[in-house]
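Contents: one structure, followed by commentary.
Every chain is numbered from 1 and lettered A, B, ... according to where its sequence line falls, protein lines coming before strand lines. Just so it is clear, the structure is predicted and the values come from calculations on it, not from any experiment.
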Amino acid sequence: MPPHPETWLRVTEAGLYCAPGDFFVDPVRPVERAVITHGHSDHARPDHEGVLATPETLAVMRARMGEERAGRRPQALAYGESLTINGVKLRLVPAGHVLGSAQVVMDYDGSRCVVSGDYKRRADPTCAPFEPVPCDVFVTEATFGLPVFTHPPVAQEMARLLHSLALFPERTHVIGAYALGKAQRLIAELRAAGYDKPVYIHGALAQLCALFEAHGVRLGELRPATVADKASLVGAVVIAPPSAIADRWARRLNEPVPCMASGWMRVRQRAKQKGVELPLVISDHADWPELLATCAEVEAPEIWITHGREEALIHALGTRGQRGRALHLIGRDEDEEGE
Amino acid sequence: MSVAAFAELLEGLLYTPSRLGKLRLLREWFATQPDPDRGMGLAALAGDLVFRTAKPSVIRDLVAARTDPVLLALSHDYVGDFAETVALIWPEDARRNAEPPALSEVVEGLEVAPRAEIPAMIAAWLDTLDASARFALIKLVTGGLRVGASGRLAKTALAEWSGQDIAEIEEVWHGVAPPYLPLFRWLEGQGPRPDPNGAPVFRPLMLANPLEALDLAALDAAAHRAEWKWDGIRVQLTAGPGGHRIWSRGGEDISGAFPEILDAMAGLHGVLDGELLVIREGIVAPFSDLQQRLNRKAPGPKMLREHPAAIRLYDILFDRDQDLRPLPFDSRRAHLEAWFERERPPRMDVSPLIPFATIEELSAIRDGARAASIEGLMLKRADSPYQPGRTKGLWWKWKRNPLTLDVVMMYAQRGHGKRSSFYSDYTFGVWRGPPGSDELVPVGKAYSGYTDEELAWLDRWIRNHTTARFGPVREVEKQLVLEVAFDAAQRSTRHKSGFALRFPRILRIRKDKPAAEADRIEAVEALVATNAVPTEAGADLG
Ligand SMILES: [Zn+2]
Ligand SMILES: [Zn+2]
């Protein structure tokens with residue numbers, strides 16, 4: 001009988017560790033060998049020795065932390081290619097979360113474990129769609145692991161944004177969106193909805209937007225927001241990191257409408273607490289129905305949950321005959337969705 | 001016009017921070033919505049819609065039949081608000097194609113449908129709506145429409161929109177009923193002024209300003225009267241042949257929630273100002289007891305028995321039809337006392353005046369008052385007329401200084417509702433035992449007092465200093481000193497320490513102070529209230 005994945009994968013202080021392969025997946029402290037699912041900072045940390053990731057994720061890491069800290073020995077593994085390390089066959093499969101995001105598929109001695117990192121199932125014009133891989137243990141996130149979280153269709157949220165822009169043509173709409181993934185997706189969705197005016201971006205987004213463009217994601221005309229004069233921002237769309245929508249430069253704009261693009265915006269008080277006037281429920285994480293559907297699709301008898309609201313998901317999986325287990329990984333961001 | 005339009009108004013009111021913005025939304029509602037929907041929306045915001053047969057329990061049963069109980073409980077715990085939880089968790093039927101109902105259709109349906117048909121009717125509506133409209137509908141059914149727009153704000157918007165004076169609108173308000181067609185006709189200049197025919201009217205309350213050190217220095221003791229500031233809610237009682245009402249400070253009619261007070265007002269004729277309290281055998285219960293009453297629109301017999309309400313009178317505005325408001329405080333007070341002698345109404349007493357000669361003496365009295373039911377003192381100019389609003393220089397509130405301790409954080413828990421993303425509830429302790437072998441023992445739990453920045457800092461600190469996790473609770477390294485303020489310290493069997501603090505809140509994060517120098521149990525013991533009001537175990541917040 002093939003060995004159960006719990007005999008060759010374990011949770012350590014640094015994160016999930018594959019013993020026969022002697023590598024960590026998304027470790028939270030510097031290690032000798034790391035496999036990185038995607039470039040968000042709670043998954044991709046600086047100063048590892050060896051880093052294995054998709055070429056896109058390696059590029060993101062270089063952009064975010066600089067060449068020296070993005071891993072001393074980077075190794076690119078494209079989607080679909082495979083590599084065997086000490087008997088562990090390793091493959092990276094699209095996770096649909098952000099550009100370059102991957103599930104880590106590990107086969108060892110006839111048993112298979114898939115670590116999905118963060119993922120979503122909705123179409124995203126900026127990255128490859130999630131591919132379900134049948135396995136013995138599926139390791140999932142549960143950021144939106146409660147049945148109150150059903151993300152509405154993106155088109156509906158974009159329509160609300162365009163409606164607001166038409167309703168308040170004088171006011172600048174300042175949208176909070178995570179710098180990696182969400183911001184570029186939002187711009188691409190705006191373009192898809194027919195918005196062809198320049199989009200103003202906060203300085204913190206410039207480098208990543210350029211990187212997405214270099215990977216073939218069309219974002220249209222972008223202009224820097226922080227140096228733009230007030231007059232040119234009348235009625236404009238400005239995209240900024242979530243923490244910056246209430247900054248001084250944003251407040252000086254003409255009656256700005258603070259917006260936020262996040263799955264958390266589904267809950268009124270969460271939106272209100274952030275001072276948001278136009279909440280846009282757009283997420284790069286699976287919502288509740290998608291979490292359940294994905295767990296069913298991969299046909300794994302056992303689901304391990306890295307972070308998020310594991311209690312509800314474990315309960316729901318139990319009623320469907322799947323065993324859920326909380327890994328309690330320290331260092332994952334449970335409450336901010338992008339990072 | 002469908003429920004969706006009303007849902008959009010509610011969302012707008014919730015997310016628009018400025019009063020001006022909210023008024024703009026309301027004016028737009030009155031200008032653009034057709035009758036009777038605009039009046040139904042106004043009634044919902046003003047709290048004038050009460051359905052006898054549609055109760056929150058109907059919604060609870062409907063959602064319980066459609067969801068897993070564990071998932072519902074976890075969701076409710078996360079979201080905080082039950083109506084919103086139901087709105088979000090309601091299973092959507094992708095094939096829904098029925099027309100969503102009009103607002104007036106909903107209101108009429110809830111008023112006239114037989115009790116047995118109500119649940120199926122509500123379920124059918126919910127099936128046609130999206131999450132935001134479901135929320136509006138549920139709030140409408142359960143009567144819990146607190147959306148950041150009080151009835152007063154809606155009336156202000158009505159005044160701005162129509163150009164009519166708000167006092168005029170207040171006057172006629174209690175003579176009209178939803179959907180207020182005669183009111184709208186009058187405001188649009190197409191009909192006569194509705195006749196309030198003697199119905200009880202709310203008169204805006206006179207309010208106090210906080211007393212600052214500078215004001216205190218300038219205060220002339222002889223020209224002022226002092227009374228306790230009781231920890232309940234300010235109310236106005238109006239009684240007369242046209243009816244009896246209990247109004248909250250904001251002019252909301254809360255009569256239905258306090259039937260025993262309404263009974264006690266039988267036969268009275270006048271307008272009174274007082275504090276609504278829960279009083280058991282002459283002792284004022286903690287505010288949390290009153291809070292339980294305020295949460296019930298229609299309290300059951302058990303609630304009435306165990307949380308009996310009473311009024312402690314401060315002032316009299318009208319005796320029969322005689323307007324006493326222009327009189328100086330001293331005269332009104334004499335009038336109040338004489339009135340009380342004459343009427344002797346049950347469940348009421350007169351809040352006593354506190355004799356004092358100097359401000360220093362008064363200050364000592366204030367510091368000495370440790371009863372939790374007392375928030376501090378009220379100082380009123382002896383010659384002050386009863387003036388609506390917060391006129392500076394006439395009435396002062398002088399809150400008691402809180403007690404403080406330096407404590408060590410032991411555990412942290414996620415908050416609820418809007419704070420569920422943060423570790424916002426902290427269990428803290430003080431040292432006990434001989435130095436060297438002393439241990440931390442918990443004395444309380446605080447979940448307020450910090451600023452948003454401090455909360456964010458605390459949350460980060462907790463995540464970085466976690467030593468263990470138990471479900472939603474994290475145990476943290478015993479390093480962080482917090483200065484907590486609280487109203488009183490009491491003996492308690494609920495904590496290992498044997499003490500509990502009342503209403504503790506975080507005053508300051510003492511990053512500068514080593515944990516070993518935090519307070520010891522002896523410091524708590526020294527602060528235990530000598531004249532503390534005994535409380536029920538359930539009300540012990542420690
Ligand atoms: Zn991520
Ligand atoms: Zn993540």
Side-chain angles (χ1 to χ4, degrees), chain A residues 42 143-153 156 160 163-164 167-168 171 243 246 255 257-260 262 264-279 281 287-289 292 309-316 318-320 326 328-337, chain B residues 8 10-12 14-18 20-21 28 63 66-81 83-92 130-132 135 147-148 414-423 452 455-456 459-460 463-464 466-472 474:
Chain A
D42 58 330
T143 304
F144 292 111
L146 277 176
V148 292
F149 292 110
T150 308
H151 308 323
Q156 181 183 315
R160 289 179 51 235
H163 175 71
S164 180
L167 206 60
F168 304 111
R171 301 177 69 183
S243 57
E255 258 198 287
V257 181
C259 317
M260 183 85 81
S262 159
W264 298 117
M265 295 297 108
R266 173 108 166 139
V267 177
R268 279 158 201 262
Q269 288 306 339
R270 292 290 295 250
K272 186 97 182 108
Q273 165 197 23
K274 307 249 178 205
V276 170
E277 289 185 45
L278 181 66
V281 189
D287 65 8
W288 175 258
L292 290 177
R309 315 215 161 246
E310 54 273 280
E311 203 179 344
L313 187 56
I314 289 174
H315 173 81
T319 63
R320 288 160 172 76
H328 292 308
L329 288 189
I330 309 271
R332 286 284 181 277
D333 207 321
E334 297 157 32
D335 297 309
E336 297 306 334
E337 72 168 282
Chain B
E8 200 178 311
L10 288 189
E11 272 192 7
L14 174 74
Y15 292 125
T16 305
S18 75
L20 285 177
E28 204 172 276
V63 74
R66 285 163 175 76
T67 48
D68 176 304
V70 174
L71 297 178
L72 179 61
L74 287 169
S75 297
H76 183 198
D77 192 43
Y78 175 79
V79 175
D81 181 87
E84 185 172 10
T85 309
V86 176
L88 294 177
I89 208 174
W90 189 266
E92 283 194 15
D130 67 11
S132 148
F135 176 75
V147 289
R414 278 175 194 277
H416 294 269
K418 67 173 184 171
R419 288 214 303 245
S420 54
S421 61
F422 289 106
Y423 284 88
D452 287 353
L455 176 59
D459 184 71
R460 222 172 320 119
R463 289 168 196 273
N464 291 331
T466 299
T467 55
R469 289 175 62 176
F470 326 92
R474 286 178 184 228

Looking only at heavy atoms and a cut-off of under 4.5 Å, which of B/T67, B/L72, B/I89 has the most pairs with chain A? B/I89

Please rank B/T16, B/V86, B/D68, B/D452 by heavy-atom pairs under 4.5 Å with chain A and give me the top one. B/D68

How long is the span from the [atom1] atom in [X] to the [atom2] atom in [Y], to the nearest 0.5 Å?
X	Y	atom1	atom2	answer
A/R160	B/S132	CZ	OG	8.0 Å
A/R309	B/S75	CZ	OG	10.0 Å
B/L14	A/K272	CG	NZ	5.0 Å
A/W288	B/L88	CH2	CG	14.0 Å
B/H76	A/L146	NE2	CG	12.5 Å

Holding to side-chain contact (heavy atoms from CB on, under 4.5 Å), I want the full list of residues that pass it with B/A83, two or more places apart in sequence or in another chain. B/D81, B/F135, B/I138, B/K139

Taking side chain as everything from C-beta outward and backbone as N, CA, C, O, which of these in [X] sits under 4.5 Å from a heavy atom of chain B? Side chain, backbone, both or neither.
X	value
A/H315	side chain
A/P279	side chain
A/E255	side chain

Which pair of non-hydrogen atoms, one from A/P147 and one from B/L71, has the smallest distance, and what is that distance? CG-CB, 3.8 Å

Tell me which of these, A/H328, A/R268, A/E277, has more heavy-atom pairs under 4.5 Å with chain B than the rest. A/R268

Considering residues, nucleotides and ligands other than A/E311, do more than 12 of their heavy atoms fall under 6.0 Å from its CD? no

